[in-house]
Structure formats: structure tokens, C-alpha cells
Amino acid sequence: MRLSRAARIILVGAPGVGKGTQAERLLQRFPQLSAISSGDLLRDNVKNQTPLGIKAESAIKSGALVPDAMILRLILHELKTRGWLSAPAGTSPLTLSSTSASASMQDYDTDSFVEQPSLASYPTPPQTSDDPSASFILDGFPRTAGQATQLDNLIPINLVVSLRTPFEVILERIAGRWIHAPSGRIYNTTFNAPKVPGKDDITGEPLTKRSDDDEETWKHRLKKFEETSEPLLEHYSRKGVLWEVSGNSSDEISPKLYAEFERRFAASN
Ligand SMILES: *[C@@H]1O[C@H](CO)[C@@H](O)[C@H](O)[C@H]1NC(C)=O
Ligand SMILES: *[C@@H]1O[C@H](CO)[C@@H](O)[C@H](O)[C@H]1NC(C)=O
């Protein structure tokens, strides 16, 4: 399905809610959408030893977090490379040699730019293209309200989807998940139960839990998610771009998500 305007979206959901599944389905259904993952950008830049990649790598090696400003630059650089940034209003893209225009179309991973303390205070942020082909799902950033604030002036996100599945449903699903460790075969007691309880269908060997499928571990992960995502969602709610969808499974959520997405972004003809 074709889009009629640019979608710049973020999916927010607890671990186990199927965020990756929804993202994949959206990408399939709306070919103009791209996935932009801050984690992938970081890995690529480190691998290719770009100026930002080198800086990020040394932060990682010293055990520090990669600073938000660096992640923002990686994202901006990617958008620029794709041709999705235009010069800020009031500057002429034709006067490339003038200071204002060249500053506005900065290479976001050049050395001088890496050293700048804050992008958010940048006087004339570039503008993101409203062409439907400049549509993307941003993954991995922002995770906190503070990061969202930094992103706001640079890349105006126009839809934040909060994917909601009751925690007890997620925990139930995890509790029902068993694996045959040697082969990696996964069973779950609701949908795909082993023929003999506790035994692998093919070898008859005993099934085990994945070490990270422990209930306490999951409860902790879910609680942490709730703590950081609440202010993030509040932030986007105040901006008027938050939309919530709930369901007990991915298949229950997807049709609702498609309908809302089409209502907001697809061509109405
Ligand atoms: C159960 O396993 C099947 C097959 O791997 C999978 O498609 C389904 O989503 C799983 N269901 C749950 C609730 O984890
Ligand atoms: C989703 O799961 C909750 C908790 O188990 C249950 O109360 C509710 O009825 C379920 N909703 C649907 C639509 O199946």
C-alpha cells in the first residue's frame, strides 16, 4: 500500500510483546517504509571506522555508554545520506559555499561535528523530508524521555505506537516456552505442545527452559521497561503523537495497527 505522506514512527513495547514482529509486518505491507536501527548504524560505523564509529568504539571499549549525541548524529547522518534531510527554512541549498548552508547540511560524522557538545542547541536544524519515500521506523532510540527531547527538534516523529499486552499474558507465554537445547527446537504449551509432555518430538530427549526464560528475570525486565517507558510515552502523549494498541497476541494487534497506520499515512483516493 502506498503512503501519501512521510511516516516517521517509533514502536514502543515491553520485551515479549512482539515489537520486532509488528515492525517486520509494517515493512512488508508498506514498502515505502524503511527500518533505521541505531544499533545497526552503530555497528556499521564501527566496522567501517568512520569518525563517529571510531569515537563510539573507544567509548564502548572504555566501558562507557555511547553518548546520546553520538547516536543522534549517526541517525542524522543516515537520513542525510539517504537524501531525506533538506536545508533549514530560510537557507538556500544553492549557496553551498556560504557558511549557513554548509553548516545546515553538515556531515554529521565529520570530526569537527563529533566534538560539538549538543545538537539540540544547533541554531538551524535541518528539516526532514515529507516525501512518502522518506518514511521510516526508528528502532533503538529514543529509549528515555530525555533522549526523546533531544530528538524532537531534529527529527519530528509523527507517530509513536505503544504496543500493549498484559504482563501476565507475556509471562504465561514465557512460562509455556520449552526448548530442546541440542537442536534449538522450541515448543510452547499453548500452541505447539510437544507430543509427550516434557519430551522432544524427534529425539524423545528432555526439554528444558532457556536460562533467560526464568520468571523472576522476566518480571524484572518488564518492571524496568515500565519504569523507563512511562516517561517516554508521557512525553509523546503531550506532543500529541502517541497511539496505543492492545492485544494478547501479535495477530490480534497487527490488523488494528494496519488500520490506524493507513488512516494516518496512506493515500486516500
Ligand atoms: C508458540 O510457538 C509457535 C511456533 O514456534 C509460535 O508461532 C507461537 O507464536 C508461539 N506462541 C507463543 C504464545 O509463544
Ligand atoms: C487477554 O488476556 C487477558 C488475561 O489473560 C484476558 O482477561 C482477556 O480476556 C484476553 N483478551 C482476549 C481478547 O482474548
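Each ligand, and each atom within it, is numbered from 1 in the order the structure gives. Keep in mind that what you see is a predicted model, and the values were worked out from it rather than measured.
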Checklist entry - Stepwise, does the side-chain hydrogen bond (donor to acceptor under 3.5 Å, both in side chains) test hold for D152 with H235? => result CA-CA 10 Å; D152 280 342; H235 174 94; 2.7 Å; yes

Checklist entry - Which residues pass the side chain to side chain donor-acceptor pair (under 3.5 Å) test with R264, sequence neighbours left out? => result E260

Next on the checklist: Is the ring pair F136/W84 parallel, tilted or perpendicular, if the boundaries are 30 and 60 degrees?
Outcome noted: parallel

Checklist entry - Is it true that a side-chain atom of N158 and a backbone atom of R8 form a donor plus acceptor pair closer than 3.5 Å? => result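 Yes, the answer is positive, given that a donor and an acceptor are paired below the 3.5 Å cut-off.
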
Item to check | Any pair counted as salt bridge (charged side-chain N to carboxylate O under 4.0 Å, His left out), so long as it reaches residues 21-34, sequence neighbours left out | outcome: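 As it turns out, the salt bridge (charged side-chain N to carboxylate O under 4.0 Å, His left out) pairs with a partner in residues 21-34, which skip direct neighbours, are R25-D251, R29-E262.
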
Checklist outcome for this item: In chain-and-number order, ligand 2 lies under 4.0 Å from a heavy atom of each of E168, V169, N248, E252

Check residues 237-246 and write down every donor-acceptor pair under 3.5 Å in which the side-chain atom is one partner and the other belongs to a residue at least two apart or another chain.
{"residue": "E244", "atom": "OE1", "partner": "R164", "partner atom": "NE", "Å": "3.4"}
{"residue": "E244", "atom": "OE2", "partner": "R164", "partner atom": "NE", "Å": "3.4"}

